[in-house]
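Predicted, not measured: the structure shown is a model, and the values here were computed from it.
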Amino acid sequence: MLNKKFYERDTLTVAEELVGKYLIRRYQGQYIVSRITEVEAYIGAIDKACHAYDGKVTPRTKVLYEQGSTCYVYLIYGMYYCANVVTEEKGIASAVLLRGVDIVEGKELAANLRYDKEWIDLSAYQKKNMSNGPGKLCNALAITKADNESSFCSEDLFIVDTWNEHGEIDFEIEKGPRIGIEYAEEATDFLWRFCLVEKKASKTKNVKKYK
DNA sequence: CCTCAGATGGACT
DNA sequence: GTCCATCTGAGGC
């Protein structure tokens, strides 16, 4: 699993490198394996969108100052949780928000957690929208406030480089502005959102044009 | 495909 | 009292 050293680095580097890695959750003895597809970086020192901007310390934000690999979970809009991996060394407020994953293994359990239904019964729409959002992935992986201040280097929640069942996957990383932070003035335009984009197989292969 | 209203509660001023 | 690092279902096209 990725260790503390991985997370105790520059936040933008950690954010970008997390894309394509595998987030693993153990829940009641079963595993849910997911591939990270979308993240955003938040850096307190220079980022008005960060909950701990400019050294702000409150009961909620104090976890952002913890050592890299610490888990920061908060409630948003009164209904959903958002999960972050704290980065940099203790004392520096910064984190990476997990915005999207693809469930690779443990789909039955994830479907139950998210929809209270069997995977087999889900519509295509529900399968597609299983965990492609920060609130959605927390539901699908059973991440709650109880995980706040825990660690991403634990047996119940951790991230690995590769997953055996998956071969090498060709992808690119797309950078863009972060979502839902219109209030953050100049930070609104920072390109701190990183998305996994599958590389398309060569299109020309089977496409022939006849005159 | 799209847009939009409404749900809902904790953190902070 | 105000503001959210969101999601869903309904209705339009």
Side-chain angles (χ1 to χ4, degrees), chain A residues 7 11-12 14-16 18-19 23 34 36-66 68-88 92-103 110-117 119 121-150 152 157 159 173-196:
Chain A
Y7 302 102
T11 304
L12 294 175
V14 174
E16 186 158 359
L18 279 177
V19 174
L23 170 64
S34 67
I36 298 171
T37 58
E38 182 181 347
V39 303
E40 286 176 0
Y42 288 84
I43 303 175
I46 56 174
D47 176 12
K48 289 178 181 164
C50 183
H51 293 159
Y53 171 61
D54 197 26
K56 182 175 176 184
V57 183
T58 69
R60 181 173 69 154
T61 65
K62 69 178 181 354
V63 60
L64 282 164
Y65 295 83
E66 279 305 317
S69 76
T70 306
C71 180
Y72 169 44
V73 180
Y74 66 93
L75 183 69
I76 187 68
Y77 298 112
M79 280 182 257
Y80 300 102
Y81 291 109
C82 288
N84 297 248
V85 194
V86 173
T87 57
E88 313 262 6
I92 300 175
S94 54
V96 175
L97 168 68
L98 302 174
R99 281 197 62 89
V101 302
D102 284 340
I103 308 293
N112 265 299
L113 289 165
R114 169 123 157 77
Y115 295 114
D116 198 25
K117 279 191 191 168
W119 172 262
D121 298 330
L122 297 180
S123 67
Y125 178 82
Q126 286 173 315
K127 286 177 181 173
K128 192 184 159 207
N129 290 285
M130 184 74 180
S131 53
N132 59 343
K136 299 177 190 179
L137 76 87
C138 282
N139 278 340
L141 300 191
I143 296 172
T144 71
K145 192 100 185 156
D147 295 291
N148 191 41
E149 300 185 298
S150 71
F152 274 92
L157 190 61
I159 299 173
I173 292 175
E174 198 172 282
K175 298 174 190 175
R178 293 169 296 170
I179 304 295
I181 54 158
E182 285 69 27
Y183 60 88
E185 300 177 20
E186 76 283 351
T188 305
D189 300 322
F190 294 173
L191 301 180
W192 288 0
R193 178 170 176 242
F194 303 90
C195 294
L196 182 151

Asker: I want to verify a distance call: between dT8(B), dT13(B), dA5(C), whose nearest atom is closest to the Lys56(A) side chain?
Answerer: dT13(B)
Asker: Show your working on side-chain contact (heavy atoms from CB on, under 4.5 Å) between Val96(A) and Tyr42(A) and close with a plain yes or no.
Answerer: CA-CA 6 Å; Val96(A) 175; Tyr42(A) 288 84; over 6 Å; no
Asker: Of the candidate nucleotides dG9(B), dT6(C), dT8(B), which contains the atom at the shortest distance from the side chain of Met79(A)?
Answerer: dT8(B)
Asker: Give the rounded distance in Å between these two atoms: OH of Tyr77(A) and C1' of dG6(B).
Answerer: 13 Å
Asker: Of the listed nucleotides (dG9(B), dT8(C), dC4(C)), which one gets closest to any side-chain atom of Lys136(A)?
Answerer: dT8(C)
Asker: How many Å lie between CD1 on Ile43(A) and P on dA5(C), as a whole number?
Answerer: 17 Å
Asker: Report the distance from atom CG of Leu75(A) to atom P of dC7(C), rounded to the nearest whole Å.
Answerer: 13 Å
Asker: Can you find a side-chain donor-acceptor pair between Lys136(A) and Asn132(A) that sits under 3.5 Å?
Answerer: yes
Asker: With both distances under 3.5 Å as the test, what is the Watson-Crick or G-U wobble partner of dA5(C)?
Answerer: none
Asker: Can a salt bridge be assigned to the pair Arg178(A) and Glu40(A) using a cut-off of 4.0 Å between side-chain N and carboxylate O?
Answerer: no
Asker: Nearest of dT8(B), dA5(C), dG9(B) to any side-chain atom of Tyr183(A)?
Answerer: dA5(C)
Asker: Please confirm whether the shortest side-chain N or O distance from Arg99(A) to OP1 or OP2 of dT6(C) is below 4.0 Å.
Answerer: yes
Asker: Can you check the Ile181(A) CD1 to dC3(C) C1' distance for me, whole Å?
Answerer: 15 Å
Asker: Rounded to whole angstrom units, what separation is found between the CD atom of Glu38(A) and the C1' atom of dC7(C)?
Answerer: 14 Å
Asker: Across the strands shown, which category fits Arg193(A) at heavy-atom distances under 4.0 angstrom: base, sugar-phosphate, nothing?
Answerer: nothing
Asker: So if I take every side-chain heavy atom of Lys145(A) and compare against dA7(B), dT6(C), dA11(B), which nucleotide ends up nearest?
Answerer: dA11(B)
Asker: Report the C-alpha distance between Tyr74(A) and Thr61(A) in whole Å, list the side-chain angles of each, state the deciding distance to 0.1 Å, and finish with yes or no for side-chain contact (heavy atoms from CB on, under 4.5 Å).
Answerer: CA-CA 9 Å; Tyr74(A) 66 93; Thr61(A) 65; over 6 Å; no
Asker: Figure out the CG/P separation between Asn148(A) and dA11(B), and round it to whole Å.
Answerer: 10 Å
Asker: Between Asn129(A) and Arg60(A), name the one whose nearest nucleotide on DNA chain C is closer to the 5' end.
Answerer: Arg60(A)
Asker: Any idea which of dA5(C), dA7(B), dC1(B) is nearest the Lys128(A) side chain?
Answerer: dC1(B)
Asker: When you get a sec, tell me which of dC4(C), dT8(C), dA11(B) is the closest nucleotide to the side chain of Ile76(A)?
Answerer: dC4(C)
Asker: Base, sugar-phosphate, or nothing: which does Leu97(A) touch, judged by heavy atoms less than 4.0 Å apart?
Answerer: base
Asker: Would you say that more than 12 heavy atoms from the other residues, nucleotides or ligands in this model lie under 6.0 Å from the NZ of Lys175(A), or not?
Answerer: no
Asker: Is it the case that the base of dA5(C) and the side chain of Tyr74(A) share a donor-acceptor contact (distance under 3.5 Å, atom types as modelled)?
Answerer: yes
Asker: What is the separation between atom NE2 on His51(A) and atom C1' on dA5(C), rounded to the nearest whole Å?
Answerer: 5 Å
Asker: With a 4.5 Å limit on heavy-atom distance, are the side chains of Leu191(A) and Pro177(A) in contact?
Answerer: yes
Asker: Measure from CG on Leu137(A) to P on dA5(C) and round the result to the nearest Å.
Answerer: 16 Å
Asker: Between dA5(C) and Tyr42(A), is there a base-stacking contact, meaning the centre of the base's six-membered ring lies under 5.5 Å from the residue's ring centre while the planes stay under 30° apart?
Answerer: yes
